[in-house]
Q: 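Mind looking over this structure? Questions follow.
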Amino acid sequence: MDTLLSVLELKKTYEVKKSIFSSKKDIIRAVDSISLELQRGSTLGIVGESGSGKSTLARCILFLERPDGGKVFFENKDLMTLKKNEMRTLRKDMQIIFQDPYSSLNPRKRVLETIGEPLLFHGYSKKDDLISKVKDILKDIGLNEDFLNKYPHEMSGGQRQRVAIGRAIATNPKLIVADEPVSSLDVSIQAQIVNLFLDIKEKRKISIIFVSHDLNIVRFISDEIIVIYKGKVVESGKTEEVFYNPLHPYTKMLIESVKADFIKKEPILNDNQHEGCAYYPRCNIKREICKKGSPSLTGDKIHKVACFVFNQPF
Amino acid sequence: MEGYIIEISNLYTSFFIDTQVIPVINDLNLRIKKGKVLGLIGESGSGKTMTALSILRLVPSPGKIISGRVCFEGKDLLSLTNREMESIRGNRIGMIFQEPMTALNPVIRVGEQISETLITHKGLSKKEVREISLELLKKVGFEDPGKRYIQYPHQLSGGQRQRVLIAIAISCNPSLLIADEPTTALDVATEAQILSLLKELIETQNMSMLFITHNLNIMKRFGDHIGIMYAGRLLEMAPVVDFFNEPLHPYSKGLIDSIFTLRPNEKRLKVIPGFVPRLSELPEGCKFHPRCNYAMDICKKDEPPMQDLGNERWIRCYLF
Ligand SMILES: Nc1ncnc2c1ncn2[C@@H]1O[C@H](COP(=O)(O)OP(=O)(O)OP(=O)(O)O)[C@@H](O)[C@H]1O
Ligand SMILES: Nc1ncnc2c1ncn2[C@@H]1O[C@H](COP(=O)(O)OP(=O)(O)OP(=O)(O)O)[C@@H](O)[C@H]1O
Ligand SMILES: [Mg+2]
Ligand SMILES: [Mg+2]
């Protein structure tokens, strides 16, 4: 096994005021001690509900935001201890595709510059072959050469998203963290982009962290997945194993609601501060013990779950 | 059901860049019945967002609506003054924009952004409005509305921002809601929550919806009618059930085939071959003919008109 990235007990908390005038603060544990490992040339899918901490985790892994605790090792280098310039050189090997492409693209740059600048900067292209290199990338993302001269505001939502993808793959990084990269794209282009990810992964051995709420796509593209709920991993393992035999009630619910062809009404709960397992209020297999402590993630390399019902002898 | 909430006829919108005229909406005709949902489907860049922005008269420059009529509650929106239009936007017509971050004001607390809309259009007091806003935040799935009310957009996750936008859009009980990819950033469970909330508004308040999405599966469950867009045109319109039983246009068939279904033994996903044409140099005749397996001679020469096939089915194709 050739590990590219390992993340150990990563933590990120945010403080939010309780009300405008109070000095009291609440703490949101956006990432609550998450560990994971990524092999070279392999894809890790991250799923979880809105607000569960996926984007925060993605940003912290790449140190775009400094975690409050934990460690990230990229090719055995501890990112916490790197100097600014060391980090800068490492940046080209770790690319991110943000969830919101509009705010991540520079509004004053045309597509040619957006995709071309990193190519020049990192020496993947010379001035004279720049245009043809950028055109090749545009072709990969399904855009014609008219787009070379477009500014972000001149493109549709899906077109902007593809430019962001193009920029990320341009410099041949070792790791791509893609935060909901295809959710704003229509099925046909979604398929094209998913195929593109599969190609670069196979041909160039790029590792991918793929954040998405679309379970079908995650299943198709990922070798392994982690399911997060309120900042914690509740289940993880080989993709097929987890889909074939989901253990955690949350994972089960997610997988079932994809299969359902009706709209299921989900209750809105107003109970997020309590001891015990975070999933307790919504859980349909809860027991007494679940009220007391928070279950830890246990199991083997193939499949792990954080649920008392499965890992506590009764 | 009596009547239509909105009727768009012969709408044309173009961008004027240098000396070029780039048509993004071309001869668009569509209407939505009161209390019904029309799903607008089409590939990226086909003009879905521009259709929505044209209705609201928010087409960004150098784009312009060139001609057509947009009849809403008996008025042609295209002939209203800016001021009259402002009293309709966000009030009678709610809008969920495709990119939440750009639609929200980064320096105003999200709760206040909801309240603001209510104060402007409903003339309610600050206190009344706060209660309603908190209730709305709860409805769109926030467990802790009080805390969220005072947060700024950058403190929220992608899906949370989208939900704030939904709260703003429905705050004034619009009779038409235009939703541009309203649930793309949401997981299945949250999406189900939002869709059932919207369904409730449709059923209890007879709200109508223009639902822009690329997700055919959602339309299958949620829409009443469906419109298929391609290169700024509608190619087909039909009741949802009939459409999925028997899609008529060759392009529609291709779309349904590329619906993502997991076929375990396939290594790659199926795509519709060919490129979406450039709007600046669209082919003669039917705009889809270069990618169409059934193209005949006439398709290369003349653009087919939109034909009424009866039973609320419309199609732009010479095969019919
Ligand atoms: N300011 C502009 N100048 C020139 N062309 C533009 C401008 N804004 C949009 N367009 C073009 O208009 C066409 C229609 O765009 P629109 O945003 O309506 O697409 P869409 O169907 O909503 O796509 P998506 O699913 O990607 O959001 C696109 O081809 C786009 O490139
Ligand atoms: N800068 C910030 N300040 C305060 N709270 C924040 C900040 N950024 C994120 N949060 C909070 O952290 C939690 C996790 O957010 P995150 O963006 O990681 O969620 P997510 O899983 O990506 O959700 P989505 O699927 O909706 O994009 C949310 O409750 C969010 O409100
Ligand atoms: Mg996110
Ligand atoms: Mg759009």
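These numbers come from the heavy atoms of this one structure, side chains and all, not from hydrogens, waters or symmetry mates. In what follows, every chain begins at residue 1, and chains take the letters A, B, ... in the order their sequences are listed.
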Q: Relative to chain B, which of A:M155, A:H153, A:R162 shows the most heavy atom pairs under 4.5 Å?
A: A:R162

Q: Among B:T49, B:I17, B:T184, which residue forms the greatest number of heavy-atom pairs with chain A at distances under 4.5 Å?
A: B:T184

Q: Do NZ/NE/NH1/NH2 and the carboxylate oxygens of A:K54 and A:D179 come within less than 4.0 Å?
A: no

Q: Verify the neighbour count for atom CZ of B:R109: are there more than 12 heavy atoms of other residues, nucleotides or ligands below 6.0 Å?
A: yes

Q: Tell me, side chain or backbone of A:L215 under 4.5 Å from chain B's heavy atoms, or both, or neither?
A: neither

Q: Counting only non-hydrogen atoms closer than 4.5 Å, does A:S50 touch chain B with its backbone (N, CA, C, O), its side chain (CB onward), both, or neither?
A: both

Q: Identify which part of A:Q159 has an atom lying under 4.5 Å from any heavy atom of chain B, answering side chain, backbone, both or neither.
A: both

Q: Give a yes or no on whether a salt bridge exists between B:E143 and A:K230, defined as a side-chain N under 4.0 angstrom from a carboxylate O.
A: yes

Q: Need one label for B:S157: side chain, backbone, both or neither, based on atoms under 4.5 Å from any heavy atom in chain A.
A: side chain

Q: Answer yes when A:E49 and A:R282 have at least one side-chain N-carboxylate O distance shorter than 4.0 Å, and no when they do not.
A: yes

Q: Is A:E240 salt-bridged to A:R219, going by a charged N under 4.0 Å from an acidic O?
A: yes

